[in-house]
Amino acid sequence: METEDTTPNLLKDYGYARSLLKNTSRGKNPDWYRDAHLLSSRLHLFESGENYLAYFWNETAAKWVSVKSIPLSADAEALEEYIQYLRSEVFPGSCRSLGVVLHLNQEASVFDFPQQEWEELHQTSLRELILHDPALVLQDRTLSSETMSFRVYPTPASPQVTTSGSAVATSRRGEELLREFREIGNRSNFPIRTAGISSPLLLLSRLPRTLGPQEKAFCIMLRFEDFSFFGFYSAQGELILLRSIKHTAKQLPHSLESTLATTAASVELADLGLKVFDCRLTPGQPLDEELSALLFNLNYRVFLPPSSEEMALPIELSSFPNRRRQSRARLCRDRDFRDDYRGRLPPAGFSLSLG
């Protein structure tokens with residue numbers, strides 16, 4: 001029986017490398033090998049309704065430009081036309097590459113690790129294994145890495161020392177979009193680098209730092225359209241626990257208060273301050289009104305969504321017209337962190353990340 005020869009063909013590989021150097025810009029333009037969020041020209045996309053809202057960041061001019069949205073149903077031909085539109089009407093003349101950053105803000109779920117798996121596997125092995133076989137690691141056959149992307153997220157302040165981490169899953173439905181953008185770049189000899197970023201995890205990694213030390217343990221609640229994401233923290237801002245809940249018809253569940261109380265009790269938090277951020281892209285019922293009908297025995301505070309200099313994802317600010325300046329000053333306490341995002345506010349009252 002004949003077997004396929006898998007021995008590397010060094011001469012063929014050498015010829016291919018020579019062809020790339022001769023016929024493409026890969027040997028001259030280092031942007032082919034840089035991460036998307038490090039490029040000076042970036043397109044940020046946020047799924048909203050039937051479209052991706054799109055904002056273009058030009059680092060040379062230090063400004064945001066609101067550009068045409070992209071339909072969720074856009075095919076390869078439509079995306080190629082969109083890149084031509086950007087290059088002819090939006091890009092600066094000296095633009096040599098594009099970073100496409102897709103903010104994943106439509107779905108995120110948290111899973112606890114079985115104690116046995118956490119104890120038997122080294123965390124490095126756990127991180128690798130969950131990428132390819134989450135069903136095995138989490139002991140749930142309904143889970144698949146084909147539809148969801150799984151990551152290990154550490155919870156260093158968890159009282160459960162044996163399982164000081166959670167698995168966070170985000171949807172893969174934007175992968176085809178990003179793959180097609182990369183293919184367009186390859187065909188046109190123009191570097192297009194892509195990245196998908198979980199909006200809730202990005203926010204939870206930033207907010208404790210900008211809020212600063214607290215008098216007591218606290219919970220950050222991020223209210224998205226279809227789900228809410230929670231991070232429970234010590235007074236020093238160390239993460240204790242992650243949780244998520246799905247909404248029904250974009251409404252918060254009536255069991256919200258009991259769920260929060262039970263979760264807080266499970267990690268021995270008797271007195272908890274709740275800090276709520278409205279992360280919806282489209283206006284809905286004011287969050288103060290929504291929470292007042294659900295939370296009766298739990299102290300909470302609705303914060304102004306963080307501005308682009310601090311955080312980042314597009315957040316509707318119309319519900320907070322009188323508190324914008326006060327809340328922004330309250331959230332900006334770290335000078336270095338604030339400087340990283342200075343002057344990058346996109347139009348129409350939205351804020352963005354990795355500007």
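Note that these values count all heavy atoms, side chains included, but never hydrogens, waters or copies made by symmetry.
A 6.0 Å sphere centred on NE2 of H247 holds more than 12 heavy atoms belonging to other residues, nucleotides or ligands.
Rounded to the nearest 0.5 angstrom, R206 CZ and L211 CG are separated by 13.5 Å. Atom CG of L272 and atom CG of L274 lie 6.5 Å apart (nearest 0.5 Å). Atom CG of L136 sits about 11.0 Å away from atom CG of L143, to the nearest 0.5 Å. To the nearest 0.5 Å, atoms NZ (K216) and CG (L269) are separated by 11.0 Å.
The ring pair (Phe, Tyr, Trp, His ring centres under 6.0 Å) test applied to Y300 returns no partner, not counting sequence neighbours. In this structure, F181 has no ring pair (Phe, Tyr, Trp, His ring centres under 6.0 Å) partners at least two apart in sequence or on a different chain. Annotation: salt bridge (Lys or Arg N to Asp or Glu O under 4.0 Å) contacts of R179 (sequence neighbours excluded): E176. The salt bridge (Lys or Arg N to Asp or Glu O under 4.0 Å) test applied to R26 returns no partner, not counting sequence neighbours. Under the rule for a side chain to side chain contact (heavy atoms under 4.5 Å, CB included), the partners of S258 that lie at least two apart in sequence or sit in another chain are S255. Every residue two or more places apart in sequence or in another chain that forms a ring pair (Phe, Tyr, Trp, His ring centres under 6.0 Å) with F227 is listed here: F224. Not a single salt bridge (Lys or Arg N to Asp or Glu O under 4.0 Å) links R141 to another residue, sequence neighbours left out. Applying the salt bridge (Lys or Arg N to Asp or Glu O under 4.0 Å) criterion to D226, with sequence neighbours excluded, gives K250.
Between F46 and Y55, the ring planes are perpendicular. Angles over 60° get that label, and only those under 30° would be called parallel.
Across all non-hydrogen atoms, the minimal contact from A235 to F218 is O-CE2, 4.4 Å. Heavy-atom minimum distance, I220 versus L222: CG2-CD2, 3.9 Å. Across all non-hydrogen atoms, the minimal contact from L98 to L43 is CD1-N, 3.9 Å. The two residues M148 and R172 make their nearest non-hydrogen contact at O-NE, 3.1 Å. Residue F230 comes nearest to I245 through the heavy atom pair CE1-CG1, 3.6 Å, listed as atom of the first residue, atom of the second, then distance. Residues P200 and A108 approach most closely at CG-CB, 4.0 Å, considering heavy atoms.
A salt bridge does not link R173 to E107: none of the charged nitrogens lies less than 4.0 Å from a carboxylate oxygen. In summary, D278 and R223 do not engage in a salt bridge, as defined by a charged side-chain N under 4.0 Å from a carboxylate O.
By the criterion of side-chain heavy atoms lying less than 4.5 angstrom apart, applied directly or through intervening Ile, Leu, Val, Met, Phe, Trp or Tyr residues, L86 is grouped together with Y52 in one hydrophobic cluster.
Applying the salt bridge (Lys or Arg N to Asp or Glu O under 4.0 Å) test to pairs two or more places apart or on separate chains, none has a residue in residues 191-202. Among pairs with a residue in residues 75-92, those fulfilling side-chain hydrogen bond (donor to acceptor under 3.5 Å, both in side chains) read E80-R187, at least two apart in sequence or across chains. Annotation: salt bridge (Lys or Arg N to Asp or Glu O under 4.0 Å) contacts involving residues 233-246, sequence neighbours excluded, comprise D112-R243.
Checked against the 6.0 Å centroid criterion, the rings of F56 and F91 qualify as a close aromatic pair.
Cluster note: Y33 groups with W32 through ILVMFWY side-chain heavy atoms spaced under 4.5 Å, whether in direct contact or through intervening members.
Partner L45 forms a side chain to side chain contact (heavy atoms under 4.5 Å, CB included) with one of L177, T194, L104, N51 and no other, that one being L177.
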For the pair S97 and D31, evaluate side-chain hydrogen bond (donor to acceptor under 3.5 Å, both in side chains) and give the outcome as yes or no after the intermediate values.
CA-CA 6 Å; S97 61; D31 286 355; 2.7 Å; yes
